[in-house]
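Throughout, numbering of the chain's residues begins at 1 and tracks the sequence. Small disclaimer: the values here were computed from a predicted structure and weren't measured.
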Amino acid sequence: MRAYRFRYVRKDSTVIILGIFLIIFGGIVTFFTVKKICVSKRKKYDDFILRNSICLKQLNEINNRYQFYPIIDLNQEHTYDNEKFYDNISCKDYLIYQLQFIKKKVVDQIGKIDINKKRYTEYVTEIKTIDQFGRFYDSPGKMKIKKLLEREKKIFENEIYSAPITQFYLTVTLYCATIRGYIYSRKVEIFYDKDIMQFIARLNKKNGAFYTDCEIWNSICRVERGKVSNKMRFSIYARDGYRCCICGASGNFAQLEIDHIIPIAKGGKSVYNNLQTLCHRCNIEKGDNIY
């Protein structure tokens, strides 16, 4: 008798689980069927609107008359593996240094943004003249007018150009990392077109290869000096056999340093063929001389 009851309860539970499964499955099938019907119906309305809407045709004609310049990314970033250089070099210093090479692109982008701003103002003014929805070249037949108007306005809004960037700015991001590349510190600063154009104007004040603005020149020198990474430093030491290139000193007491053959103050760059290993004494005696 007990075994019979156990089998009956087990069979009843199986039926309940199967019933729940069928209900869930039926619900899923119904959901996707209804969704498919709705999508098909919406597509029918959208196709009619795209072919016959007078407002959309007017909008497309306006869109074809207006083209906006693309804006390229000129943001700057750099990673230092020397904490002393990272602390000493500001985002402003790094931007001033980089503007030597990208100032033409920056000026070009600022000019294009100004043009985009003026064009977009004219564009929006023209768009506002289109205010009569629900006008179609062909009869909508049995389609619901309210639904047509809702879809027409939605499509119309999606076809309007989004506002372009109206102010130029640059983001400078500096990182500090270990020699193996693990980043453990970061500083970020944003510079807007007005300040950037002032930097460019100051950069344009030159006497030959040198900048007459002391602050600008100091920024450039700090960044140039900071290009000698720890990884680069050890590579120079290895190349020179861990010996001073002037007196030949080596070993634990030599106090080896990296020297710019042509000093930064005289236009020298932080590149391998302009760097050498010197001991501290020879580096002090050399000073800003070239040898």
Side-chain angles (χ1 to χ4, degrees), residues 66-125 161-177 181 183-230 232 260 262-271 274 288:
Y66 286 89
Q67 299 296 323
F68 298 96
Y69 289 112
I71 304 304
I72 62 175
D73 183 3
L74 292 173
N75 293 328
Q76 302 294 312
E77 61 179 34
H78 187 75
T79 302
Y80 292 95
D81 65 4
N82 185 309
E83 193 168 328
K84 180 181 177 181
F85 288 146
Y86 172 77
D87 291 337
N88 193 41
I89 297 169
S90 67
C91 292
K92 177 182 173 182
D93 291 334
Y94 192 79
L95 174 60
I96 289 172
Y97 183 90
Q98 289 299 100
L99 282 173
Q100 297 177 98
F101 315 107
I102 65 170
K103 62 182 179 180
K104 289 183 179 179
K105 291 182 179 180
V106 168
V107 172
D108 180 63
Q109 288 295 291
I110 292 174
K112 287 179 177 179
I113 285 177
D114 288 340
I115 293 172
N116 283 351
K117 186 177 180 180
K118 293 176 182 177
R119 284 182 182 174
Y120 191 71
T121 301
E122 296 171 358
Y123 174 73
V124 171
T125 302
Y161 289 147
S162 58
I165 296 173
T166 57
Q167 184 176 24
F168 182 82
Y169 62 89
L170 276 178
T171 301
V172 178
T173 308
L174 301 181
Y175 302 95
C176 192
I183 295 174
Y184 60 88
S185 185
R186 182 187 72 163
K187 50 189 175 184
V188 183
E189 193 169 350
I190 298 174
F191 300 88
Y192 291 92
D193 48 5
K194 183 179 178 181
D195 292 329
I196 294 172
M197 290 305 294
Q198 289 179 354
F199 293 150
I200 291 175
R202 293 167 68 184
L203 279 165
N204 288 335
K205 297 177 181 178
K206 296 180 68 176
N207 182 11
F210 299 97
Y211 297 91
T212 57
D213 189 310
C214 183
E215 184 182 0
I216 293 293
W217 179 241
N218 288 337
S219 291
I220 291 172
C221 289
R222 277 194 291 271
V223 177
E224 189 65 51
R225 192 172 292 109
K227 290 175 69 176
V228 183
S229 64
N230 283 337
M232 189 178 191
H260 287 76
I262 301 175
I264 291 175
K266 294 184 178 179
K269 301 298 180 183
S270 297
V271 293
N274 191 48
D288 284 344

Q | Spacing of CG belonging to Asp195 relative to CD belonging to Glu189, to within rounding of 0.5 Å | A | 9.0 Å
(Q) Can you confirm whether Lys194 is buried at NZ, in the sense that more than 12 heavy atoms of other residues, nucleotides or ligands lie under 6.0 Å from that atom? (A) no
(Q) When you measure from the side chain of Asp81 to the backbone of Ser229, do you find a donor-acceptor pair of N or O atoms at a distance under 3.5 Å? (A) no
Q: Run the numbers on Asp193 and Gln167 for side-chain contact (heavy atoms from CB on, under 4.5 Å), then give the verdict.
A: CA-CA 7 Å; Asp193 48 5; Gln167 184 176 24; 3.9 Å; yes
**Q.** Euclidean distance, Ile113 CD1 relative to Ile165 CD1, rounded to 0.5 Å
**A.** 5.5 Å
Q) Is Lys103 close to Asn204 at the side-chain level, that is, under 4.5 Å between some pair of heavy atoms? A) yes
Q) What is the ring orientation for Phe68 with Tyr66, classed by angle as parallel under 30°, tilted 30 to 60°, or perpendicular over 60°? A) parallel
Q | ring-ring contact (aromatic ring centres under 6.0 Å, His included) between Tyr80 and Phe85, worked out | A | CA-CA 7 Å; Tyr80 292 95; Phe85 288 146; 7.2 Å; no
(Q) Using a 6.0 Å cut-off, check whether atom NZ of Lys105 has over 12 heavy atoms from anything other than its own residue. (A) no
Q.
What I want to check is whether the side chains of Tyr86 and Ser185 have a donor and an acceptor closer together than 3.5 Å.
A. yes
Q) Looking at CD1 of Ile89 and CG of Asp87, how far apart are the two atoms once the value is rounded to the nearest 0.5 Å? A) 10.0 Å
Q) Should Asp288 and Lys266 be marked as a side-chain contact (heavy atoms from CB on, under 4.5 Å) after you check the CA-CA gap, both sets of side-chain angles, and the distance that decides it? A) CA-CA 8 Å; Asp288 284 344; Lys266 294 184 178 179; 4.3 Å; yes
Q.
I'd like to check Phe168 versus Asp114 (side-chain heavy atoms, cut-off strictly below 4.5 Å). Are they in contact?
A. no
Q. Could you walk me through whether Tyr169 and Phe191 pass the ring-ring contact (aromatic ring centres under 6.0 Å, His included) check?
A. CA-CA 5 Å; Tyr169 62 89; Phe191 300 88; over 10 Å; no
Q.
Nearest 0.5 angstrom please: Ile102 CD1 to Leu170 CG, how far?
A. 5.5 Å
Q.
Tell me whether Thr173 contacts the main-chain N or O of Val188 through its side chain, where contact means a donor paired with an acceptor under 3.5 Å.
A. no
(Q) Main chain of Lys205, side chain of Thr212: is a donor-acceptor contact present, judged purely on distance under 3.5 Å? (A) yes
(Q) Would you compute the distance between atom CD1 of Ile190 and atom SG of Cys91 and round it to the nearest 0.5 angstrom? (A) 10.5 Å
(Q) Between Glu122 and Arg119 (side chain of the first, backbone of the second, donor and acceptor by atom type, cut-off under 3.5 Å), is there such a pair? (A) no
**Q.** Inter-residue atom distance Gln100.CD - Ser219.OG, 0.5 Å rounding
**A.** 10.5 Å
Q) Do Glu83 and Tyr184 get their side chains close enough for a donor-acceptor pair, meaning under 3.5 Å? A) yes
**Q.** Basic-acidic side-chain contact under 4.0 Å: Arg222, Asp93
**A.** yes
Q) Within a radius of less than 6.0 Å around NZ of Lys227, do more than 12 heavy atoms belonging to other residues, nucleotides or ligands occur? A) yes
**Q.** Minimum-distance pair of heavy atoms, taken over all atoms of His260 and Ser270
**A.** NE2-OG, 2.9 Å
Q: Apply the test side-chain contact (heavy atoms from CB on, under 4.5 Å) to residues Val106 and Leu74: give CA-CA distance (whole Å), side-chain angles for both, the deciding distance (0.1 Å), then the verdict.
A: CA-CA 8 Å; Val106 168; Leu74 292 173; 4.0 Å; yes
Q: Side-chain contact test, heavy atoms from C-beta onward, threshold under 4.5 Å: evaluate it for Asn75 versus Val172 and give yes or no.
A: no
Q | Flag side-chain contact, heavy atom, 4.5 Å: Gln109 against Ile71 | A | yes
Q.
Main chain of Tyr69, side chain of Asn116: is a donor-acceptor contact present, judged purely on distance under 3.5 Å?
A. yes
(Q) Any heavy-atom pair between the side chains of Cys176 and Arg186 that's under 4.5 Å? (A) no
Q: State whether Lys92 and Glu215 are salt-bridged, where the test is any N-O pair (Lys NZ or Arg NE/NH1/NH2 against Asp/Glu carboxylate O) under 4.0 Å.
A: yes
(Q) Treating Tyr123 as the side-chain partner and Tyr161 as the backbone partner, does any N or O pair qualify as donor plus acceptor under 3.5 Å? (A) yes
Q. Is a salt bridge present between Asp108 and Lys104, judged by a nitrogen-to-oxygen distance below 4.0 Å?
A. no
Q. For Gln76 and Tyr94, does a side-chain donor sit closer than 3.5 Å to a side-chain acceptor?
A. no
Q: Would you check if the side chain of Asn207 reaches a backbone N or O of Phe210 as a donor-acceptor pair within less than 3.5 Å?
A: no
Q: List the steps and the verdict of side-chain contact (heavy atoms from CB on, under 4.5 Å) for Ile220 and Leu203.
A: CA-CA 10 Å; Ile220 291 172; Leu203 279 165; 4.0 Å; yes
